[in-house]
Amino acid sequence: MRVAVIDLGSNSVILSIAERINNHIKALYEESIITRIGRNIEKHRNLNPDSRNNTIDVLKKYKEIADNLVVDIIICFATDALRDAEDSQDFLDEVYEKTGIEIKIISGEEEAELTFYSVKIEFGDICNKFFSIDAGGGSVELANGTDKNIEFANSLKIGAVRIKNKFRIQDNIDHNTFVEVNRFIKSQLPKIIIDDGYLTVATGGTITTLQAINLGLEKFEHEKVHKSKITYEQMRILFDYLNRITFTERLNIPCLDPGRADIIHIGALIFLSIMEKYNIKNMFVSNRGVRWGFIYKLLD
């Protein structure tokens, strides 16, 4: 069986195509394109027209790729931005009319649970207690539990694009704003205990990009990023570096998608705050988040 799963996030649209051969699940194709469908959603309550059109163009492209690879099923799910937008249904209708793709808007809890499921599959040979962090443009999903059951799963509105808009961050973050944002993020985080028995795993385009920069990669390489480790000190150094240089200088970082150049330092700050809150000294990075949760459930 061959499946295509499309993750329509607040910042990017990601396609993963995989198939099951006997007992092995193989990735056949993956692509991520930034359209920022969640642009200014809190302020306007409706989807940005340019982002909306760009997203439809990307979905047309992904549908063509999926058709060429002869998939058995296409699943497209949307997250934070479409949960909030007042014109979501109108957008879903337009997408179906122009592409034939039916989009399912999933809850924040379901998003967190699917990410946790993927983490459990990917890292089950290392540990049986997990804390998963999925940081996106509009929200951050947290889940913790064991290989048997989830103890906590929820979505928090502290994504990088949302933080940028809320605190009116134009480029570099000054000390006072850093303190304010750090305090705000920590105030939103749940009072859960993540002890040394947990394996912390971070997923999403923000952390995989940060790790690619941390590793000094010229281009994104799945094999080097996936299942690698990043420490709190490395995250601190990354934030200091990315926040010290200008937006234009960030554009010259080889493995950084230009569409992330205005928010990547904010993403690093979000991870710093989470790691401080739960006293996380290091964590694994996974390139297989919520969409792979769907894939594993479909193909298992």
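In this structure the side chain of Lys63 never reaches within 4.5 angstrom of the side chain of Ile6, judged on heavy atoms. Counting only heavy atoms from C-beta outward, the side chains of Asn214 and Ile237 never approach each other to under 4.5 Å. Trp292 places a side-chain heavy atom less than 4.5 Å from the side chain of Ile25. With a 4.5 Å cut-off on side-chain heavy atoms, Arg162 and Glu42 count as touching. Contact of the Met235 side chain with the Ile230 side chain is registered, since non-hydrogen atoms from C-beta on lie closer than 4.5 Å. Looking at Leu210 and Ile264, their side chains come closer than 4.5 Å, going by heavy atoms from C-beta outward. Side-chain contact between Asn11 and Ile263 is present, with at least one heavy-atom pair separated by less than 4.5 Å. A heavy-atom distance below 4.5 Å is found between the side chains of Leu142 and Leu189.
A donor-acceptor pair under 3.5 Å is formed between the side chain of Arg83 and the backbone N or O of Ile106. Within the 3.5 Å criterion, the main-chain N or O of Arg2 finds a donor-acceptor partner in the side chain of Asp72. A donor-acceptor distance shorter than 3.5 angstrom exists from the side chain of His226 to the backbone of Asn287, with no hydrogens or angles considered. Lys297 places no side-chain N or O within donor-acceptor distance of the main-chain N or O of Leu114, the cut-off being under 3.5 Å. Side-chain atoms of Thr115 come within 3.5 Å of backbone atoms of Glu111 as a donor-acceptor pair (strictly under, hydrogens ignored). Formation of a donor-acceptor pair under 3.5 Å by the Thr35 side chain with backbone atoms of Asn54 is not found in this model. At distances below 3.5 Å, not a single donor-acceptor pair connects side-chain atoms of Arg236 with backbone N or O atoms of Leu272. Side-chain atoms of Glu249 come within 3.5 Å of backbone N or O of Thr246 as a donor-acceptor pair. When atom types are taken as modelled, the side chain of Arg250 and the backbone of Ala261 share a donor-acceptor pair closer than 3.5 angstrom. Put simply, the side chain of Gln211 never gets that close to the backbone of Thr208: no donor and acceptor are under 3.5 Å apart.
Of the inter-residue distances, the one linking Ser12 atom OG with Asp7 atom CG reads 6.5 Å to the nearest 0.5 angstrom. Atom NZ of Lys277 sits about 8.0 Å away from atom OG of Ser187, to the nearest 0.5 Å. With rounding to the nearest 0.5 angstrom, the CD1 atom of Ile253 is 12.5 Å from the CG atom of Leu217. If you take CG on Leu156 and CD on Gln188, they are separated by 7.5 Å, rounding to the nearest 0.5 Å. Here Asn46 contributes atom CG and Asn40 contributes atom CG; the two are 12.0 Å apart, rounded to the nearest 0.5 Å. The OG1 atom of Thr99 lies 6.0 Å from the CG atom of Leu59; values are rounded to the nearest 0.5 Å.
A 6.0 Å sphere centred on CD1 of Ile193 holds no more than 12 heavy atoms belonging to other residues, nucleotides or ligands. Counting non-hydrogen atoms of other residues, nucleotides and ligands closer than 6.0 Å to CG of Asn149 gives a total above 12. More than 12 heavy atoms of other shown residues, nucleotides or ligands fall within 6.0 angstrom of atom CD in Glu221.
Listed by chain and number, the residues in a salt bridge (charged side-chain N to carboxylate O under 4.0 Å, His left out) with Glu102 amount to none (sequence neighbours excluded). Not counting sequence neighbours, His44 has no partner by the ring-ring contact (aromatic ring centres under 6.0 Å, His included) test. Every side chain to side chain donor-acceptor pair (under 3.5 Å) that Lys186 has, sequence neighbours left out, goes to Asn182, Glu276. Among residues two or more places apart in sequence or in another chain, the ring-ring contact (aromatic ring centres under 6.0 Å, His included) test is passed with Tyr232 by none. Shown here are the ring-ring contact (aromatic ring centres under 6.0 Å, His included) partners of Phe271, two or more places apart in sequence or in another chain: there are none. With sequence neighbours left out, Lys164 forms a side chain to side chain donor-acceptor pair (under 3.5 Å) with no residue at all. With sequence neighbours left out, Ser118 forms a side chain to side chain donor-acceptor pair (under 3.5 Å) with no residue at all. Applying the ring-ring contact (aromatic ring centres under 6.0 Å, His included) criterion to Phe123, with sequence neighbours excluded, gives Phe284. Remark: Glu31 pairs with Tyr29, Lys61 by the side chain to side chain donor-acceptor pair (under 3.5 Å) rule, at least two apart or across chains.
Taking the centre of each ring, Tyr117 and Tyr296 stay at or above the 6.0 Å mark.
A pairwise comparison of heavy atoms in Ser10 and Gly137 identifies CB-C, 4.1 Å as the closest pair. For the residue pair Leu8 and Phe91, the shortest heavy atom distance occurs at CD1-CE2, 4.0 Å. Considering every non-hydrogen atom in both Ile207 and Met283, the closest pair reads CD1-CE, 3.9 Å. The two residues Gly9 and Ile37 have their closest heavy-atom pair at O-CG2, 3.1 Å. Looking at every heavy atom in both residues, Cys76 comes nearest to Ile101 through CB-CG2, 3.5 Å.
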Test log, rule salt bridge (Lys or Arg N to Asp or Glu O under 4.0 Å), inputs Glu94 and Arg52 | CA-CA 10 Å; Glu94 184 180 5; Arg52 177 174 170 147; 2.8 Å; yes
List the steps and the verdict of salt bridge (Lys or Arg N to Asp or Glu O under 4.0 Å) for Asp300 and Arg20.
-> CA-CA 9 Å; Asp300 279 348; Arg20 182 183 181 92; 3.5 Å; yes
Report the C-alpha distance between Arg291 and Glu30 in whole Å, list the side-chain angles of each, state the deciding distance to 0.1 Å, and finish with yes or no for salt bridge (Lys or Arg N to Asp or Glu O under 4.0 Å).
-> CA-CA 11 Å; Arg291 68 193 184 282; Glu30 293 202 273; 3.0 Å; yes
How far apart are the C-alpha atoms of Ile185 and Arg183, what are their side-chain angles, what is the distance that settles it, and do they pass the side chain to side chain contact (heavy atoms under 4.5 Å, CB included) test?
-> CA-CA 6 Å; Ile185 293 170; Arg183 183 186 299 121; over 6 Å; no
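Note on Glu180 versus Lys166: no salt bridge recorded, every NZ/NE/NH1/NH2 to OD/OE distance being 4.0 Å or above. Using a 4.0 Å cut-off between charged nitrogen and carboxylate oxygen, Glu110 and Lys104 count as a salt-bridge pair. Checked for salt-bridge contact, Lys26 and Glu19 miss the test: no charged N lies under 4.0 Å from a carboxylate O. Ionic pairing of Arg36 and Asp50 is not present here: no N-O contact between side-chain nitrogen and carboxylate oxygen is shorter than 4.0 angstrom. For the pair Asp87 and Arg45, the salt-bridge criterion is not met [side-chain N within less than 4.0 Å of a carboxylate O].
Sequence neighbours left out, the pairs with a member in residues 193-220 that pass salt bridge (charged side-chain N to carboxylate O under 4.0 Å, His left out) are Lys129-Asp195. The ring-ring contact (aromatic ring centres under 6.0 Å, His included) contacts involving residues 159-201 comprise Phe167-Phe184, Phe178-Phe239, where partners must be two or more places apart or lie in separate chains.
Think of Phe247 as one node in a network of Ile, Leu, Val, Met, Phe, Trp and Tyr side chains linked at under 4.5 Å; its network also takes in Leu251.
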